[in-house]
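In what follows, a single structure is set out as structure tokens and then discussed.
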Amino acid sequence: MGVVNAQAQLHMKTTLQNMILWRGIEVADGLILSSDLSVSDPSGMFAAGFLGGANTKGSYKELSQYIAYTHGRFQIKVIDTYNFSPGATYNNEFFNYKPDETGRFMDLMVNYTGNRKFPLELSLSTLIYGRDRDLYNSKNIYSSFVYVGYTIYQNEKLKVGSGVGTAFALRNSRNESGEMVNRTMYAESAGITQVSLNVIYKLQIMEYEIPLTVMTYWNPKSNQGFFYTGMQFNLF
């Protein structure tokens with residue numbers, strides 16, 4: 001729920017979590033505080049905002065911005081991701097958008113969210129610009145990710161869901177041996193990078209409702225498993 005005036009709505013939510021998982025990659029671990037601050041028109045169709053966060057170790061820091069358009073159950077979203085973690089090996093100059101130098105990447109996403117009768121979630125994303133490039137830094141490879149989720153059970157307090165995600169690149173590139181491969185930002189070759197089962201419980205504390213998420217997560221490509229927990233606070 002936003003703070004409303006005649007022109008716009010302001011929204012802010014904060015998540016406390018034990019790690020950040022992104023399309024099969026463990027981006028950061030430890031105690032992490034991430035936030036999403038956005039403004040939308042009164043109808044909620046158009047939105048723009050900032051998101052990011054940091055962990056208590058100081059090894060993860062992010063500040064990204066996005067714009068989104070939502071119509072019914074469909075959404076189109078573009079995120080300009082800027083991760084300036086101290087251990088990053090790429091260029092982290094904030095205003096550097098040169099394709100062969102920037103550490104940023106832009107993510108174009110198309111999402112669909114079903115209803116209670118057909119609780120299907122679909123998402124297609126492609127990295128359209130930035131450091132998602134071949135080994136020779138000569139061209140973009142357009143790493144893409146398709147996610148399909150389904151709600152197994154849901155009531156007023158509890159939601160149980162599952163999901164599968166697969167990664168691939170729209171453009172093949174050569175590996176270190178000179179062979180043409182479908183390498184992506186998420187894995188060295190195309191394939192399934194996410195199989196997950198999640199439980200969301202709406203925790204009631206006085207007049208506040210706090211979604212608590214617990215998720216088991218397996219990446220078949222890297223043969224890694226993760227256990228995620230997080231609490232979301234919708235501040236306004």
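Bear in mind that the values here come from a model prediction, so they are computed numbers and not experimental data.
Side-chain contact check for Gln17 and Ser34: at least one donor-acceptor pair (N or O, by modelled atom type) lies under 3.5 Å. Residues Asp80 and Tyr82 have side chains that never bring a donor and an acceptor to within less than 3.5 angstrom of each other. No hydrogens or angles considered: a donor-acceptor pair under 3.5 Å links the side chains of Asn96 and Glu101. In this model, no donor atom of one side chain and acceptor atom of the other lie less than 3.5 Å apart for Glu179 and Ser177. Asn182 and Asn172 share a donor-acceptor pair across their side chains, judged by distance under 3.5 Å alone. Tyr66 and Asp36 share a side-chain donor-acceptor pair at under 3.5 Å. Residues Ser64 and Glu62 have side chains that bring a donor and an acceptor to within less than 3.5 angstrom of each other.
Between Trp22 and Tyr147, the distance separating the two ring centers is not shorter than 6.0 angstrom.
Glu176 CD: 12 or fewer foreign heavy atoms inside a 6.0 Å radius. Remark: Lys77 NZ is packed, more than 12 non-hydrogen atoms of other residues, nucleotides or ligands lying under 6.0 Å away. Residue-environment remark: CZ (Phe94) exceeds the threshold of 12 foreign heavy atoms within 6.0 Å. A 6.0 Å sphere centred on OH of Tyr136 holds more than 12 heavy atoms belonging to other residues, nucleotides or ligands.
Between Leu122 and Asn111 there is no side-chain heavy-atom pair separated by less than 4.5 Å.
For the pair Arg104 and Tyr90, the NZ or CZ position fails the cation-pi test of under 6.0 Å to the six-membered ring centre and within 45 degrees of the ring normal.
For Arg23, the salt bridge (Lys or Arg N to Asp or Glu O under 4.0 Å) partners at least two apart in sequence or on another chain are Asp107. Residues meeting the salt bridge (Lys or Arg N to Asp or Glu O under 4.0 Å) test with Lys139, sequence neighbours left out: none. For Phe50, there are no ring pair (Phe, Tyr, Trp, His ring centres under 6.0 Å) partners two or more places apart in sequence or in a different chain.
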* Phe95 vs Tyr97, ring pair (Phe, Tyr, Trp, His ring centres under 6.0 Å): CA-CA, chis, key distance, verdict -> CA-CA 6 Å; Phe95 288 110; Tyr97 280 90; 7.6 Å; no
* List the steps, then state whether ring pair (Phe, Tyr, Trp, His ring centres under 6.0 Å) holds for Phe226 with Trp218. => CA-CA 6 Å; Phe226 307 95; Trp218 177 45; over 10 Å; no
* **Check against salt bridge (charged side-chain N to carboxylate O under 4.0 Å, His left out), Arg183 and Asp134** => CA-CA 8 Å; Arg183 184 182 66 85; Asp134 63 4; 5.9 Å; no
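Between Tyr112 and Phe74, the angle of the ring planes lies from 30° to 60°, which puts this pair in the tilted group. Ring pair Phe145/Tyr186 is perpendicular by interplanar angle, where above 60° counts as perpendicular and below 30° as parallel.
Gln204 approaches Met206 most closely through the heavy-atom pair NE2-O, 3.2 Å. Across all non-hydrogen atoms, the minimal contact from Pro99 to Asn137 is O-OD1, 4.4 Å. The minimum heavy-atom distance linking Thr70 with Gly44 is given by the pair CB-O, 4.2 Å.
Between the Asp132 side chain and the Ser143 main chain, a donor and an acceptor come within less than 3.5 Å of each other. Side chain of Thr184 to main chain of Ala167: no donor-acceptor pair is present (N/O by atom type, distance under 3.5 Å, no hydrogens or angles).
Atom CD1 of Ile210 sits about 5.5 Å away from atom CG of Leu203, to the nearest 0.5 Å.
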